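Within every chain, numbering begins at 1; the chains are lettered A, B, ... in the order of the sequence lines, protein sequences first and strands thereafter. Quick caveat, the model's predicted, so the values are computed rather than measured.
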Amino acid sequence: MTPGTAIGERIAAWYATGHRDLPWRRPGFTAWGTLVSEFMLQQTPVSRVIPALERWLTRWPTPADLANVPPGEAVRAWERLGYPRRALNLHGAATAIAERHGNEVPSDVDALLALPGVGPYTARAVAAFAYGIRTPVVDTNVRRVLARAMRGQGAAGPARTAVDLAEMEALLPADPARARLVNAGTMELGQTVCTARTPRCDECPLAAVCAWRAAGYPRYAGPRAPVQKRYEGSDRQVRGLVLRELRGSDIPVPVEVIAGLWADAAQLARAVEGLLRDGLVEREGDELRLP
DNA sequence: GATACGTGGAA
DNA sequence: TTTCCAAGTAT
């Protein structure tokens, strides 16, 4: 057994002794449910996803159910989860699954990657968690755990997909069922124990072997993710206001109503242009509506 | 590789 | 109050 898989086994054993009871971990949870949950979890906390996920799956229990409504209905039902292009992409993915995959979410990573809005993380998460396939699942939690335990760094730094996947691959046992526990357990560990701000190292199953702990918790000095721009006054905020208005209306909204949402007309026009370009909004005459 | 993309809660 | 952070993806 390599040192890497020894760490993996510690994580699997810790996870197996107890973890949170999340909807997507329930027995019988569908692959479609897993796909929807992974879309919603992209940059959105678990606590906000859970209620939205349950409403979504009640309304659209299979991909074809979603594919059979206009994409704007997906954007509307997305409500305030943020990054509404995810709703559009999920609708596109559902359509592709209904049309090209017999209404069954594919289990193959490459087939998943071909779906809109599905990237390296989501494709492998669905393959691993919905289908039990042995493949490294790397998200922000996993990258932080690996940076600390394996490399002795306090933070993960920028993502490097190929390197990150290889590093996680080295932790996976050969047995797919066991590998799945390592994938789920590493994410769980990063989210509940090896947290970004105040890690609870006294509860960590890796404390005895953690490189960061052994080094005395050196402050992270490497490259950091660029600071996100201020949201107040940003184009993002204006796009959000426009979309909120459209979601709240069952009929097309006159542009003069939209014009009242934001004082800076040039910025508002830029935001609307962006929404049109992204396909989140359609224009018909002097009215705007969801697609 | 850098940047844009929502929203809300916690420190 | 400001900053950080959250199961990322597309360009």
For Val137(A), which contact category applies under a 4.0 Å heavy-atom criterion: base, sugar-phosphate, or nothing? nothing

Report the distance from atom CZ of Arg144(A) to atom P of dC4(C), rounded to the nearest whole Å. 15 Å

Looking at Arg178(A) and Gly8(A), would you say the former's side chain and the latter's main chain have a donor-acceptor pair under 3.5 Å? no

Contact class for Thr122(A) (heavy atom, under 4.0 Å): base, sugar-phosphate, or nothing? sugar-phosphate

Transitively linked via ILVMFWY side-chain contacts under 4.5 Å: Leu280(A) with Trp262(A)? yes

Across the strands shown, which category fits Ser37(A) at heavy-atom distances under 4.0 angstrom: base, sugar-phosphate, nothing? nothing

Rounded interatomic separation in angstrom, taking OH from Tyr220(A) and C1' from dC4(C): 16 Å

Show every side-chain hydrogen bond (donor to acceptor under 3.5 Å, both in side chains) that has at least one partner inside residues 28-45 of chain A, sequence neighbours left out. Glu38(A)-Tyr121(A), Gln42(A)-Thr122(A), Thr44(A)-Arg86(A)

In whole angstroms, the gap separating C1' of dA7(C) from CG of Leu165(A) amounts to 14 Å

For atom P, what is the distance between dA7(C) and dT3(B), given to the nearest Å? 24 Å

For dA4(B), take OP1 and OP2 only and decide whether either is under 4.0 Å from a side-chain N or O of Lys229(A). yes

Will you find, in the side chains of Thr161(A) and Asp164(A), an N or O donor that is under 3.5 Å from an N or O acceptor? no

Look at all strands and tell whether Pro158(A) reaches a base, only sugar-phosphate, or nothing, counting heavy atoms closer than 4.0 Å. nothing

Output one letter per nucleotide in nucleotides 6-11 of chain B: B when a protein non-hydrogen atom lies under 4.0 Å from the base, S when only the sugar-phosphate is that close, - when neither is. BBSBBS

With hydrophobic residues grouped by side-chain heavy-atom distances under 4.5 Å, do Val182(A) and Val209(A) end up in a single group? yes

Could you check whether Val49(A) gets within reach of a base, just the sugar-phosphate, or nothing at all, counting any heavy atom under 4.0 Å? nothing

Separation of dG8(C) atom P from Trp78(A) atom CH2, nearest Å, is 13 Å

Would you classify Ala125(A) as touching base, sugar-phosphate or nothing, given that sugar-phosphate means primed atoms plus P, OP1 and OP2, and contacts are heavy atoms under 4.0 Å? nothing

Does dT1(C) have OP1 or OP2 under 4.0 Å away from a side-chain N or O of Arg230(A)? no

Within residues 184-193 of chain A, residues whose heavy atoms come under 4.0 Å of DNA chain C: Met187(A), Gln191(A)

What residue pairs, at least two apart or across chains, pass salt bridge (charged side-chain N to carboxylate O under 4.0 Å, His left out) with a residue in residues 201-220 of chain A? Arg200(A)-Glu203(A)

Suppose we screen for ring-ring contact (aromatic ring centres under 6.0 Å, His included). Which residues come up paired with Trp60(A), at least two apart in sequence or across chains? Trp56(A)

For atom CZ of Arg160(A) and atom C1' of dA2(B), their distance in whole Å: 16 Å

Reference residue Asn183(A); test side-chain contact (heavy atoms from CB on, under 4.5 Å); the match among Leu171(A), Val137(A), Val138(A): Val137(A)

Holding to ring-ring contact (aromatic ring centres under 6.0 Å, His included), I want the full list of residues that pass it with Tyr15(A), two or more places apart in sequence or in another chain. His19(A)

Please report the distance, rounded to the nearest Å, between CZ in Arg25(A) and P in dA7(C). 11 Å

Under 4.0 angstrom, heavy atoms only, what part of the nucleic acid is Arg124(A) near: base, sugar-phosphate, or nothing? nothing

Find the distance Ile50(A):CD1 to dA6(C):P and express it as a whole number of Å. 17 Å

For the pair made of CG in Leu88(A) and P in dA4(B), what is the distance, rounded to whole Å? 21 Å

Is the shortest side-chain N to carboxylate O distance from Arg76(A) to Glu73(A) below 4.0 Å? yes

